[in-house]
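Single-structure report; data block below.
Numbers restart at 1 for each chain; the letters A, B, ... are given by sequence-line order, proteins then strands.
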Number of protein chains: 2
Amino acid sequence: MSYKIKSRIWIESEDNVLLGEGRVHLLKAINKTGSLSKAAKSLNISYKKAWQLLDSVNKSAKKPVTINSIGGKGGGGAELTDYGKSLVQAFDEINRNCWAFLDKELAKIERL
Amino acid sequence: MSYKIKSRIWIESEDNVLLGEGRVHLLKAINKTGSLSKAAKSLNISYKKAWQLLDSVNKSAKKPVTINSIGGKGGGGAELTDYGKSLVQAFDEINRNCWAFLDKELAKIERL
DNA sequence: AATCGTTATATTTGCTTAGACATAACGATA
DNA sequence: TATCGTTATGTCTAAGCAAATATAACGATT
């Protein structure tokens, strides 16, 4: 009962990271705010870091994860593609399943 | 097929880390060499880092994980207790099971 | 009591990484 | 064509963390 088991999972393609917890948080924030800069602010990370993360996600994904537009109405913005939304959903599901799985496994330590 | 899913798991008690991959590597090396300093060398980490890791393990464990002796024949040494050995074994098993579990889950991403 | 290799611990040095700052490019709208 | 808020990118500084260095304490063996 007194121990907690924790995990971090991430998905790589080649040697780039496609998705991890930070990247998924960012994608969710983009979906909520419609803009990369607003998403960065809401997560309290610098715009640059957010941009680098998003760039790396789009570069290692098979299909575009976001559509980014520069200039125009409101200066531009970013929004998730359907593919991006389903990636986020799948990652969350895997993560939740992993936690549940590990919680069961932890018993092997508790009973020692 | 082109994506890989990776994970790191660790076990906490209160807010100290009991076991993680680095700590388990260290425990295995101690078991092999019979000494903390030799274990550190074999893992290419500084003695100080090794000592800090081991100290934190022993502080957060319910029972002693290693027996460390200072001075005496050969200057001293460190060896795993039976409890320590079974902790290492259990952690390895959980880790392997987690990998297998996640490999199956990855299909949810591949088929998007 | 002198030796030896170890555990145990503090201090300082260096390096990688994150953050702050600055600025260019863009295009719809007015 | 001037404005505006955004995306996109470079540079420089700061800070946190890892590594290197130094040294004390220890006790069986000789």
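Nucleotide D/dA8 holds its P atom 9 Å from the CG atom of A/Asn58, rounded to whole Å. In this entry the distance linking CD1 of A/Ile67 with P of D/dT7 reads 14 Å, nearest Å. In this entry the distance linking CD of A/Glu79 with P of D/dT7 reads 12 Å, nearest Å. The NZ atom of B/Lys73 sits 17 Å away from the C1' atom of C/dT3 (whole-angstrom rounding). The NZ atom of A/Lys49 sits 17 Å away from the P atom of C/dC21 (whole-angstrom rounding). Taking atom CD on B/Gln52 and atom C1' on C/dA10, their separation rounds to 11 Å, with Å as the unit. Nucleotide C/dT7 holds its C1' atom 14 Å from the NZ atom of B/Lys59, rounded to whole Å.
Taking every side-chain heavy atom of A/Asn68 into account, D/dT7 is the closest of D/dA19, C/dT7, D/dT7. Ranking D/dT6, C/dT7, C/dG19 by closeness to the B/Ile70 side chain, first place goes to C/dT7.
Between the CZ atom in B/Phe101 and the CG atom in B/Leu106 there is a gap of 12.0 Å [rounded to 0.5 Å]. To the nearest 0.5 Å, atom CD1 of residue A/Ile11 and atom OG of residue A/Ser13 are 10.0 Å apart.
Both A/Trp51 and A/Gly74 sit near DNA chain D, but only A/Gly74 has its closest nucleotide nearer the 5' end. Each of A/Gly75 and B/Gly72 was assigned the nucleotide of DNA chain D with the nearest heavy atom; the assignment lying further toward the 5' end belongs to A/Gly75.
Of the residues in residues 27-48 of chain A, those placing a heavy atom less than 4.0 Å from an atom of DNA chain D are A/Ser35, A/Leu36, A/Ser37, A/Lys38, A/Tyr47, A/Lys48, in numerical order.
Contact check for A/Ile9 versus B/Lys6: no side-chain heavy atoms found under the 4.5 Å cut-off.
Using a 4.0 Å cut-off between a side-chain N of Lys or Arg and a carboxylate O of Asp or Glu, B/Arg96 and B/Glu93 do not qualify as a salt bridge. Here A/Glu110 pairs with B/Lys62 in a salt bridge; the nearest charged N to carboxylate O distance falls below 4.0 Å. Residues A/Lys28 and A/Asp92 are paired through a salt bridge, judged by an N-O separation under 4.0 Å between the basic side chain and the carboxylate.
Think of B/Trp99 as one node in a network of Ile, Leu, Val, Met, Phe, Trp and Tyr side chains linked at under 4.5 Å; it has no links at all.
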